[in-house]
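Atoms within a ligand are numbered from 1 in the order they appear, just like the ligands themselves. In this chain, residues are counted from 1 in sequence order. Hydrogens, waters and symmetry mates are skipped; everything else that's a heavy atom, side chains included, is used.
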Amino acid sequence: MNNPTRPTAITLLAPHSARRTRLAERVGCCGGGVVIVPTAPERMRNRDNDHPYRFDSYFHYLTGFTEPGAVLVMLVGESTRSILFCLPKNLERETWDGFRHGPEAACTLVGVDEAYSIDEFDQRLPELLGNQNALWYALAEDKEFDDRIFAGLNTVRANARSGVRAPADIRNVHTLLDEMRLFKDAHELDIMRRSAAINTGAHRRAMRATRPGMFEYEIEAELLHEFRRHGSQSVAYNSIVASGPNACVLHYNANSRQMQEGELLLIDAGCELDGYASDITRTFPIGGRFSGGAKAVYELVLASQDAAIAACQPNASFSAPHDAAVKVLVQGMLDLGLLQGSLDSVLESGSFRRFYMHRTSHWLGLDVHDAGEYKVNNLWRPLRPGMVLTIEPGCYIRAADDVPEAFWNVGVRIEDNILITNDGHENLTAAVPSKVAEIEALMAEAREHG
Ligand SMILES: [Mn+2]
């Protein structure tokens with residue numbers, strides 16, 4: 001019989017199983033032990049009403065399993081045993097909350113060796129912890145789950161006289177997973193390309209839809225419409241739709257202002273597809289044509305982004321794109337009369353931070369600010385093939401007596417998602433125009449054809 005809410009195909013999640021194997025190798029190299037990775041808890045918004053559920057990124061990376069109430073356990077010794085705990089089948093709860101796989105189907109789906117109801121987790125935990133060299137668990141992420149782990153450890157310690165040993169070490173499994181997540185595999189890159197493609201469509205749609213007199217939230221709605229109709233489950237972060245002076249507020253997301261002719265609109269928005277974020281910023285003229293101080297600042301930020309993207313090369317330092325962007329920005333700020341002094345003196349003093357106060361890049365993946373260390377042994381790490389980072393220089397000029405009036409309230413950021421490849425880089429989000437003539441042509445075309 002067909003259950004209408006049941007997913008149509010049960011597929012073995014092979015890429016996730018390969019990641020568990022690689023994690024087991026790394027844990028094995030560090031002496032083995034028991035790995036415990038819970039998914040995220042559900043969070044209440046008010047009364048019976050939950051926030052939209054989002055699984056834990058580490059758990060999802062290793063399982064592909066999207067239901068709440070699940071825990072992955074891996075026993076890594078001479079061989080590895082993977083165990084999934086998940087919500088049990090419960091037809092009454094499923095009538096209210098939707099389909100659950102239950103342990104039997106989840107075992108096949110995820111490709112683990114065993115699966116049990118989450119209701120058995122606390123009772124089985126002491127046995128899983130017993131006689132393991134180390135517990136690989138991320139402490140202090142979720143206090144309630146920490147308490148369950150501590151209770152399990154205490155039970156094992158209480159049984160010491162029966163010859164059972166508690167783990168001597170508790171080590172952070174996220175440290176190993178962060179390093180793995182930094183290098184995207186083919187399955188991840190496929191999803192990230194699709195996430196980026198949906199997002200480029202949304203930003204193009206926003207450029208086409210914008211007219212003076214509209215409200216910022218109307219453009220936000222265009223973005224959300226485009227995300228959702230292509231299957232994106234959520235935004236990857238709250239959309240920033242910032243017109244005029246709002247563009248100088250870095251995390252503005254009230255999106256409530258009426259947009260005026262002669263102003264710029266800065267949109268920083270990204271969808272999440274099957275867990276993976278995309279993260280694009282574009283800045284364009286609400287009236288359809290760049291002019292005056294806004295055009296000069298836009299051209300400057302675009303030139304700095306070009307320089308930063310060109311610096312995205314395998315073996316280059318993580319800091320190379322930022323350094324390249326800052327150099328171009330500072331020279332431009334001097335040329336425009338925003339700053340006084342020489343390139344070297346401004347770089348030395350950092351006075352440019354008044355107009356460019358954030359860094360140029362962050363890792364991108366399951367999380368919009370993705371996992372992975374930026375420095376190794378206190379040095380910026382080299383870029384390597386398979387890493388994905390954003391390149392997002394900007395310039396934000398508030399109204400002030402010591403700044404030429406032509407630049408007041410001009411805020412510009414341009415952001416793309418860059419994959420480092422064997423011979424350079426690939427811009428995953430190049431399909432949204434960023435050159436002045438291309439943006440103006442797209443907006444003019446949209447106005448002609450309604
Ligand atoms: Mn970003």
Practice item. Examine Asp268 and say whether one of its N/O/S atoms is closer to the Mn ion (ligand 1) than 2.8 Å. Key: no

Review point. Could Arg19 and Tyr61 be counted as a cation-pi pair, given that NZ or CZ must be under 6.0 Å from the ring centre and within 45° of the axis?
Key: yes

Study note, to complete from the structure: min-distance N/O/S atom, Glu392 vs the Mn ion (ligand 1), resolves to OE2

Check your understanding: Can you name the one residue among Arg381, Arg26, Arg384 that meets salt bridge (charged side-chain N to carboxylate O under 4.0 Å, His left out) with Glu179?
Key -> Arg381

Review point. With ring centroids as reference points, do His60 and Tyr58 lie under 6.0 angstrom apart?
Key: no

Practice item. Return the name of the atom in His362, of element N, O or S, nearest to the Mn ion (ligand 1). Key: NE2

Check your understanding: Can you check whether Leu189 reaches Glu426 side chain to side chain, under 4.5 Å on heavy atoms?
Key -> no

Check your understanding: Can you tell me if Ser304 uses its side chain to pair, donor with acceptor, with the backbone of Val301 under 3.5 Å?
Key -> yes

Check your understanding: In Glu415, what N, O or S atom is nearest to the Mn ion (ligand 1), if we give its atom name?
Key -> OE2

Point to revise | Atom nearest to the Mn ion (ligand 1) - Asp279, N, O or S atoms considered | key: OD2

